[in-house]
Structures are given as C-alpha cells and as structure tokens.
Amino acid sequence: MPSSQTQALLKDQNDKVKNGSPKIKIIAPCSAGNGILKLDSSQEDHFEKKFQKITTPISYFVPASGSGSRMFDFLQTELSMVDSDLALKTKDFIGRLKEFSFYKALAVDQKKRVNEFSSTAELIDFILGKKEGGLGMEYLPKGLVPFHSYGALQHSAFYEHLIQGVKLSSSPINFHFTIQIDHKGSFEKALAEFKENDQNIADVSFSFQNPQTDSFVFDENHLPFIEQGKLVRRPSGHGALLGNLDAIQDQIVLVKNIDNVQHDHKSKNGLRTWRVLCGILDEIKMELKTLYLRPDQERLQALSDRFQLFTQEEIFDLSDTESFKKLINRPLRICGMVLNEGKAGGGPFYVASNGMVCKQIIEGAQVKGLEQQQLFESGTHFNPVMMALDTFDLEGRKFELQDFCNEEQYFIVNKVFKGKKVSFIERPGLWNGSMFGWNTIFIEVPADTFTPVKTILDLLNDQHTED
C-alpha cells in the first residue's frame, strides 16, 4: 500500500495528466532590439574585459546523461526500410566512415575488420553492439563518444568541455556534470586521463537525477501503470535537475548542453561569447546592488532600457520600496540566442503571466491554437542553452531556486511504453518554467557557437572537424 505522501503525489499527477499540458499565452516573439540585445564588437570588448576582473568562483553545469545510442538511431530505422535506396543517411555514414573520430581511434585489426564486412547490417551491428568484440557505441553515454580528432588523438565531448573550460579564464573553473549513475566509473576514468595531461583544473563533480523526482506513469484510461506489483515511474525531464543546479555553491554558473561543443581549434568565438555573457552578468549585478541600497525608479528604467531587462508592465508601478526590491532581487540569467535557421526547439518570447508581460524561453509543447502557433513560428531566434547565471541575492546569500519555479508550466508526455499507450508529466523545463521567476536578459550570439550533435553525421560539419 503506497504511503499517504505517495498517494497524494499520485493523485496530483493523475489530475494533471487528465487535464493536459497547461498552455502559455505568447504576446510576441523577442527580436533583436526588442527583447534581445545585439552588441557590436566594441561592446563585446568592454564586457570581455569586465569578465577578466571577476573574482567570484565560476562553475559550468552540463547535463550529460544523454545516451550515445540516440546519435545512431537513424541506422536502425533505415536498415528496416524495404527500399534500401531510401537509406540515404546510412549510405552517407558508411561512405564517410573513415572521417569519424571514433573510426580513427580504432586499432589496426579493428579497422581491418570493419573494412571486411560484407553486409551493411553486419557492419552496423559491429559498430553499435558488443558481440564478438564489437565497438559498443550504442552503450556509451553521449559525453564519452569520440567527437573530434587531433591527428592521432581523439577527444570526447566531455574531454572537450574540460579543455575549453580551462581556457576560459586564468583562474580555475569548476565543472559539474549530471550523468547516469551507471556511467560514473567511465566518466571518472576519462577525468583521470584528462588530469594526466592538464593540471590547471579546479573541481570536477558529478551528480545524478534524483529518482524521487521521477513521474508516475498512467495508461490510456488514466489508471496507474503497474508492473510486477509496483507503480511504474519514468524520469521527469531536465526540469528534475533544478535540485542538482541548486546544490552548486558557486555564485556564477554557466549552463550548456553536453553535445554543444566545438572542435578546440574552432572554439575562439564560443569562449569569447561566454566571457561576454559573464561580463554582462557582472555589470548588471553591480548596478542592481546599487539600486537595492538606493532605490531609484529613473535609474532602474535607464538600466532596463539599456539591457532590455524588464518589460514596461513589470516596472510601471513600483510605488513602494518593498515591491522595487522584490523585483530586482531575483536570480539573474543572461541567455545567448542564435538566429533561428529552422531548428526545432524553444526560443525567446514575451508572454502574459498574472496580468504582467515578461520574457520567457518557450517550447512548442507549451503552445496551443493556430494563432499562438503562428506567433511561435514567427520567432526570429532559437535557444541554444548557453546561459550565465547568478544564483546569489543582492545581500550575498544563495537563493533557494525552487522559490522561482512556476510549477504550473509542466508538460504532459504521451508515449508507447511496452506496447501500450501511456502518459506522464515532465517537470517544468530547467530553462523554461523552472526559471520562470528569474530576471532575464537575451543576447544574440554567433551561430557558430551553436553546433549540437543530434546524430553522428553532425560531426562531419565544419565546426567539428580538424581542418
């Protein structure tokens, strides 16, 4: 018999699944000059210099629990096609096999074996699986798949993040990766290898998504899904990592995805952009501290106009000191945004919330209705998950980040699980509803800072190659 606490949580999630995903009201997309800053080179120089003076400890926060198998999903899909002429991605993969870093890392006898397979299916099975000395690529976490080549050397995404983090500053930078517990040993081994070659590194830590945040699963009749007498639960999305983020004690935290990393030879723009984001964060925090001590509506308006920090609705009627201080004393984030080139995913928008208009990062799943969908699709920029955060208040104390989460911005996920249609909730996305109550600045960043690797073929793109 489930405990009373479990029963209450089960009922709450059941009600949410029955009611469907809450939808948000988009007012308009943010664009350059209207909600999104676009800096010139002299402004970037200014903020990069500001970064060099930061003495506050900085930590990278990198969600890295993704499975490498997803990078190879298309191979299995295309192999099942009746018409083999349609398997274009598989043909591209095999035709350019020798260009991939993972191939270059193979021993001579392994390369010979790869070249001797008579069928595509056997080759793919060898690359993905572990049978008969197979490479086991589908069993690797994405962070440890070889991404980039450096002559005879190969670097994983994890290794590359560490290298570029070390280059970010003359002061040591901390790193925190959220991973699957089964992969901890593999990541620790990779870290030990890194430390053998580069000692200019501060703390590197790992954590795991708390299983207590997992969601209950319901069948198509909204009944709890039970297997072997136990309630089935599923991970509840990256919003479940809010607690992991909150546990980091460094004041400045840089959030990025594990697969968005460039070849080190082509990382210059990315490193400069991180410094610029941090420089903006530092300058605004100093201005807000001054305003917190000496509230001044005109000065706040000027700051907001300069950085497009608040909407007019948010600062229209700050008639008393308490409301003034409450508005400015919230967690602060500077979010890089790239021009939208048709990629699926979220972006920056003005939305309505409790009678106010504020800036938020919105996903398509939060949008309902033709008019709202058209507004969403008219967005000019895309969220690459490149954020500089300040998690301390204006009196120097660490915020409780959960206090600024909008719990009503959850998602309902519908999937087929073990042959049956099921539903469960995902918690408010880490950079969506989980940061709904943050003070937010959007800034346009160069397109070459966004080089995600969704399939193995993406590693053939220019920003991932040695030349």
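Evaluation of the side-chain hydrogen bond (donor to acceptor under 3.5 Å, both in side chains) test over residues 235-249, restricted to residues two or more places apart or in two chains, returns Ser207-Asn244, Ser236-Arg427, Asp246-Lys398. Listed by first and then second residue, the side-chain hydrogen bond (donor to acceptor under 3.5 Å, both in side chains) pairs involving residues 208-233 are Glu227-Lys418 (not counting sequence neighbours).
The shortest side-chain heavy-atom distance between Asn439 and Arg333 does not fall under the 4.5 Å cut-off. Here the side chains of Trp438 and Leu332 are not in contact, with every heavy-atom distance at 4.5 Å or above.
With Asn14 contributing its side chain and Leu10 its backbone, the two residues share no donor-acceptor pair below 3.5 Å. Within the 3.5 Å criterion, the main-chain N or O of Asn269 finds a donor-acceptor partner in the side chain of Thr273. Using a distance-only test at 3.5 Å, with no hydrogens or angles considered, no donor-acceptor pair links the side chain of Lys38 to the main chain of Val445. Distance alone, capped at 3.5 Å, is enough to place a donor-acceptor pair between the Gln308 side chain and the Gly35 backbone. Counting only distance, with no hydrogens or angles, the side chain of Asn406 and the backbone of Glu408 share a donor-acceptor pair below 3.5 Å.
The neighbour count for Leu339 CG, taken as heavy atoms of other residues, nucleotides or ligands under 6.0 Å away, is above 12. Counting non-hydrogen atoms of other residues, nucleotides and ligands closer than 6.0 Å to NZ of Lys368 gives a total of 12 or fewer.
With 3.5 Å as the limit, one finds a donor-acceptor pair spanning the side chains of Glu395 and Tyr292. If you check the side chains of Gln402 and Glu407, you find a donor sitting under 3.5 Å from an acceptor. For the residue pair His263 and Gln463, no side-chain donor N or O sits within less than 3.5 Å of a side-chain acceptor on the partner. No side-chain donor-acceptor contact under 3.5 Å links Gln180 and Ser65.
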Original post:
After noting the C-alpha distance and the side-chain angles of Ser59 and His176, does the key distance pass the side chain to side chain donor-acceptor pair (under 3.5 Å) rule?
Top reply: CA-CA 7 Å; Ser59 180; His176 185 87; over 6 Å; no
**OP:** Begin from the C-alpha positions of Phe392 and Phe399 and carry the test ring pair (Phe, Tyr, Trp, His ring centres under 6.0 Å) through to its verdict.
**Re:** CA-CA 5 Å; Phe392 281 40; Phe399 282 114; 8.4 Å; no
**OP:** Give the C-alpha distance, both sets of side-chain angles, the deciding distance and a yes or no for side chain to side chain donor-acceptor pair (under 3.5 Å) between Asp393 and Asn329.
**Re:** CA-CA 6 Å; Asp393 70 16; Asn329 195 23; 4.6 Å; no
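A search for salt bridge (charged side-chain N to carboxylate O under 4.0 Å, His left out) contacts involving Glu188 returns Lys184, not counting sequence neighbours.
The cationic group of Lys16 lies under 6.0 Å from the six-membered ring centre of Tyr410 and within 45° of the ring axis, placing it in a cation-pi geometry. Cation-pi geometry between Lys359 and Phe442 is met: the NZ or CZ atom falls under 6.0 Å from the ring centre, inside 45° of the normal.
Checked against Arg306 for a side chain to side chain donor-acceptor pair (under 3.5 Å), the options Gln301, Glu287, Glu283 give a single hit: Glu283.
Between Asn432 and Ile362, the shortest heavy-atom distance links the atoms ND2-N, 4.3 Å.
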